4 protein chains.
Amino acid sequence: MKKSGKKDRREDIQEAAIEVIARKGYFQSTVKQIAEEAGVSAGTVYNYFEDKQDIIFKTFSSELEDRKKVYEAVFGKDISLFGQIRMVLDRHFSKAAKQEQLMKVIIQEKSKPGLRLGRKLNECYEEGILEVANLVEEYLEEDQIRECDPTVVASAMFGAVESVMWYGLLRDPETRVEIFDQAPDALANFFWKGMKKQTK
Amino acid sequence: MKKSGKKDRREDIQEAAIEVIARKGYFQSTVKQIAEEAGVSAGTVYNYFEDKQDIIFKTFSSELEDRKKVYEAVFGKDISLFGQIRMVLDRHFSKAAKQEQLMKVIIQEKSKPGLRLGRKLNECYEEGILEVANLVEEYLEEDQIRECDPTVVASAMFGAVESVMWYGLLRDPETRVEIFDQAPDALANFFWKGMKKQTK
Amino acid sequence: MKKSGKKDRREDIQEAAIEVIARKGYFQSTVKQIAEEAGVSAGTVYNYFEDKQDIIFKTFSSELEDRKKVYEAVFGKDISLFGQIRMVLDRHFSKAAKQEQLMKVIIQEKSKPGLRLGRKLNECYEEGILEVANLVEEYLEEDQIRECDPTVVASAMFGAVESVMWYGLLRDPETRVEIFDQAPDALANFFWKGMKKQTK
Amino acid sequence: MKKSGKKDRREDIQEAAIEVIARKGYFQSTVKQIAEEAGVSAGTVYNYFEDKQDIIFKTFSSELEDRKKVYEAVFGKDISLFGQIRMVLDRHFSKAAKQEQLMKVIIQEKSKPGLRLGRKLNECYEEGILEVANLVEEYLEEDQIRECDPTVVASAMFGAVESVMWYGLLRDPETRVEIFDQAPDALANFFWKGMKKQTK
DNA sequence: AATGAATGAGAGTTCATTCAT
DNA sequence: GATGAATGAACTCTCATTCAT
């Protein structure tokens with residue numbers, strides 16, 4: 001099941017890995033299955049990756065770096081908190097829509113203990129939560145939002161996003177598109193209303 | 001090497017399994033490790049359980065049934081939506097505080113494809129979301145909350161709760177207690193403010 | 001090809017390993033072959049040994065300790081140098097006669113770099129050489145033997161013994177017995193005459 | 001990454017092989033490592049050699065032929081036995097001083113069963129022993145040396161030489177030079193005194 | 001001649017599961 | 001019921017060798 005076009009082997013294998021792992025989970029996917037999906041032999045995989053973990057670890061690493069940059073860019077903008085949340089969610093869901101399988105894997109394999117992979121994901125997750133918590137704290141100090149523990153709120157938001165995304169990923173394509181379309185606005189409103197100071 | 005008072009072997013093994021799997025994940029835990037932790041031999045495990053999956057599958061099944069009943073009881077009460085959410089979260093977090101390891105396992109092993117275990121958990125999750133979505137819909141029809149997609153909102157709430165719980169589980173015991181203490185109120189408020197109709 | 005009697009599995013496997021490795025060399029022997037020779041399955045081997053190296057490493061370790069004790073006992077005796085050499089060689093060859101395969105392996109696998117095994121053997125060898133060198137030095141100081149570099153002489157003696165042993169191991173049983181029978185005396189004389197002070 | 005003046009690829013690879021194998025042993029050296037050390041690609045190796053064994057097999061064969069000639073020349077000379085031994089050892093050690101790595105490999109890989117390589121070396125060894133044994137026998141018949149089994153004595157001499165050489169190869173360069181310098185004389189004396197008839 | 005990506009047989013090792021004691 | 005030694009299928013990973021370029 002070779003992918004067409006001009007991509008190199010390395011990418012073929014990474015894509016195949018994501019495909020297979022999204023379907024069966026990391027530990028129940030074998031290198032052989034991934035190789036087959038990529039249209040190469042098992043040995044070839046090891047010409048491009050250190051070991052099994054490395055196949056997706058590298059994908060994740062670069063993917064997560066990319067995202068971090070996107071989000072940091074948004075958080076640096078001089079717009080309202082609501083605007084920032086809205087924008088981040090927008091980019092998040094529209095990117096996810098093009099990487100369904102990868103999103104599945106990320107959600108599934110997060111917080112696996114004793115796995116470079118899981119640890120890395122957890123780390124990024126925590127970093128993201130902290131980042132958002134800092135943002136919330138700023139606004140809290142400016143008295144724009146009601147009293148709350150910023151890390152708890154940030155954690156709640158992350159979880160909410162992930163959950164909605166997972167919910168969408170399990171639906172048929174049309175429903176998914178619908179959900180992903182309305183999710184950014186719905187969630188941004190939900191979050192913003194949920195934490196803003198009651199205007200009288 | 002547990003040796004509690006009067007519990008039977010079956011429970012010893014289940015508890016040991018939870019302990020070990022919480023630490024290392026399902027696929028990286030061996031039957032031997034679980035048996036050791038339970039103070040029995042590997043062979044004995046198979047006198048009580050069909051296979052490896054079965055060890056925790058049964059724990060989860062009964063645990064999930066229990067919870068379902070608790071929640072349904074709350075949702076049947078004739079109190080405000082906020083009150084209901086508050087009460088469910090209260091019970092959820094206070095129960096979780098006593099079952100940290102089990103919660104860890106449930107969160108970690110959720111949505112593992114190709115595993116009776118993961119499928120069961122996913123199923124329960126979806127059921128829960130539907131249940132809450134129905135509740136939200138009721139209130140939506142009564143015009144008490146702003147327009148929204150109930151399943152998306154319900155899904156967001158589930159995710160938020162799980163995420164805060166995970167966040168707490170990774171902290172040291174004191175911090176965890178603090179987080180679990182304030183979480184029900186904080187989240188209930190967050191959710192309620194987030195979806196209720198703006199009472200000018 | 002199970003060994004008879006009352007020995008336990010551990011010993012069966014070690015003996016099988018020595019048998020196979022004597023025949024084909026360490027790197028060209030597979031765990032499966034060893035298991036087969038021992039009459040067990042490959043998996044069983046790992047119930048008794050950490051890994052492939054461990055199978056013979058443990059045999060060697062205890063064997064070498066044994067020998068060290070034997071030799072040290074002889075070197076502690078208050079008899080002539082010639083007598084000591086003679087006695088050590090006697091014990092060495094008569095022990096070797098009962099452990100042909102083990103001797104083969106020890107000689108073959110000595111000084112394999114990058115192998116716990118080879119390093120251990122080399123170490124013992126060097127220790128032995130030093131021990132003998134010290135002995136030679138003593139006699140040198142007493143002016144009983146001609147001027148020489150004791151470590152070179154000791155090294156030469158060790159090599160000579162090993163070589164004669166190897167020569168014997170490659171012969172048919174009868175020839176071997178003959179060689180091993182006369183070797184201690186022949187070598188002791190050769191060494192002693194080789195280094196003693198010319199009497200007048 | 002060798003790059004000597006005018007030698008051809010074939011020799012580059014052989015030298016690289018010696019270098020690598022001396023360091024890690026035959027079975028733990030890979031063709032790729034050898035190729036890298038030689039500054040060529042793995043594929044190129046197979047333009048010059050049949051297979052992995054062949055790389056050093058050819059080196060050894062020619063090297064051993066060379067030596068044989070040298071020794072036979074000496075043994076043909078009409079000088080005393082002591083003189084012959086002395087001369088052979090002289091040439092042996094001085095040649096070895098210039099080919100440390102090759103000597104290491106020869107000593108390490110000797111008597112590997114199931115390897116063209118090992119068998120060839122063993123064969124040469126045995127031939128050499130026989131040659132010397134014949135020589136000894138001659139002198140024995142002439143009544144110049146004491147009664148002994150010539151092959152045993154020859155075997156002992158070979159082993160002694162190899163052992164001293166190995167001992168030197170493991171030392172630092174200066175010590176090695178010292179050892180190699182005095183070894184021929186020391187060993188020749190040792191051997192000669194060891195076997196000659198006691199001249200009252 | 002030279003390359004080095006691709007191969008695939010086969011190695012060591014793990015571990016859920018069985019079963020004689 | 002309890003045991004834990006034995007099993008063997010399956011996995012990850014290595015590497016000599018090939019061959020299209």
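Just so it is clear, the model here is predicted, and its values are computed rather than measured. Each chain gets a letter, A, B and so on, in the order its sequence line appears, and its residues count up from 1.
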Rounded distance in Å - [atom1] ([X]) to [atom2] ([N]):
| X | N | atom1 | atom2 | result |
| --- | --- | --- | --- | --- |
| Q53(B) | dC15(E) | CD | C1' | 15 Å |
| K52(B) | dT18(E) | NZ | C1' | 17 Å |
| D51(A) | dC11(F) | CG | P | 17 Å |
| Y48(B) | dA16(E) | OH | P | 20 Å |
| E36(D) | dT3(E) | CD | C1' | 14 Å |
| E11(C) | dA5(F) | CD | P | 16 Å |
| I13(A) | dT7(E) | CD1 | C1' | 13 Å |
| D54(A) | dT12(F) | CG | P | 14 Å |

* Heavy atoms under 4.0 Å, any strand shown: does F49(B) hit a base, just sugar-phosphate, or nothing? -> nothing
* Asked: Which is true for V45(A) with a 4.0 Å heavy-atom rule: it touches a base, it touches only sugar-phosphate, or it touches nothing?
  -> nothing
* Does some side-chain heavy atom of D54(B) sit less than 4.5 Å from a side-chain heavy atom of Y48(B)? -> no
* Asked: Does a side-chain heavy-atom distance below 4.5 Å link K104(B) with W166(B)?
  -> yes
Rounded distance (nearest 0.5 Å) linking atom [atom1] of [X] with atom [atom2] of [Y]:
| X | Y | atom1 | atom2 | result |
| --- | --- | --- | --- | --- |
| I34(C) | K24(C) | CD1 | NZ | 10.0 Å |
| E109(B) | L121(B) | CD | CG | 8.5 Å |
| F49(B) | T44(B) | CZ | OG1 | 11.5 Å |

* To do: Look at E63(C) together with R67(C) and state whether they make a salt bridge at an N to O cut-off of under 4.0 Å.
  => yes
* Asked: Are any of the side-chain nitrogens in E37(C) or R23(C) under 4.0 Å away from the carboxylate oxygens of its partner?
  -> yes
* Asked: Hey, is NZ on K110(B) packed in by over 12 heavy atoms from elsewhere, all under 6.0 Å?
  -> yes
Below the 4.0 Å mark, does [N] have OP1 or OP2 next to a side-chain nitrogen or oxygen of [X]?
| X | N | result |
| --- | --- | --- |
| T44(C) | dA5(F) | no |
| S41(C) | dT7(F) | yes |
| R9(D) | dA2(E) | yes |
| Y46(B) | dC19(E) | no |

* Mapping G43(C) and G43(D) to their closest nucleotides on DNA chain E, which lands nearer the 5' end? -> G43(D)
* To do: Go through the N and O atoms of the side chain of N47(C) and the base of dA6(F), and report whether any donor-acceptor pair is under 3.5 Å.
  => yes
* Structure fact -> Judged by nearest nucleotide, the residue sitting upstream toward the 5' end of DNA chain F, E50(A) or E50(D), is E50(A)
* **Watson-Crick or G-U wobble partner of dG10(E), both distances under 3.5 Å** => dC13(F)
* Asked: So which nucleotide does dT21(F) pair with, by the Watson-Crick or G-U wobble rule with both distances under 3.5 Å?
  -> dA2(E)
* Positions of residues 23-35 of chain D (non-hydrogen atom under 4.0 Å from DNA chain F), listed by number -> S29(D), T30(D), V31(D)
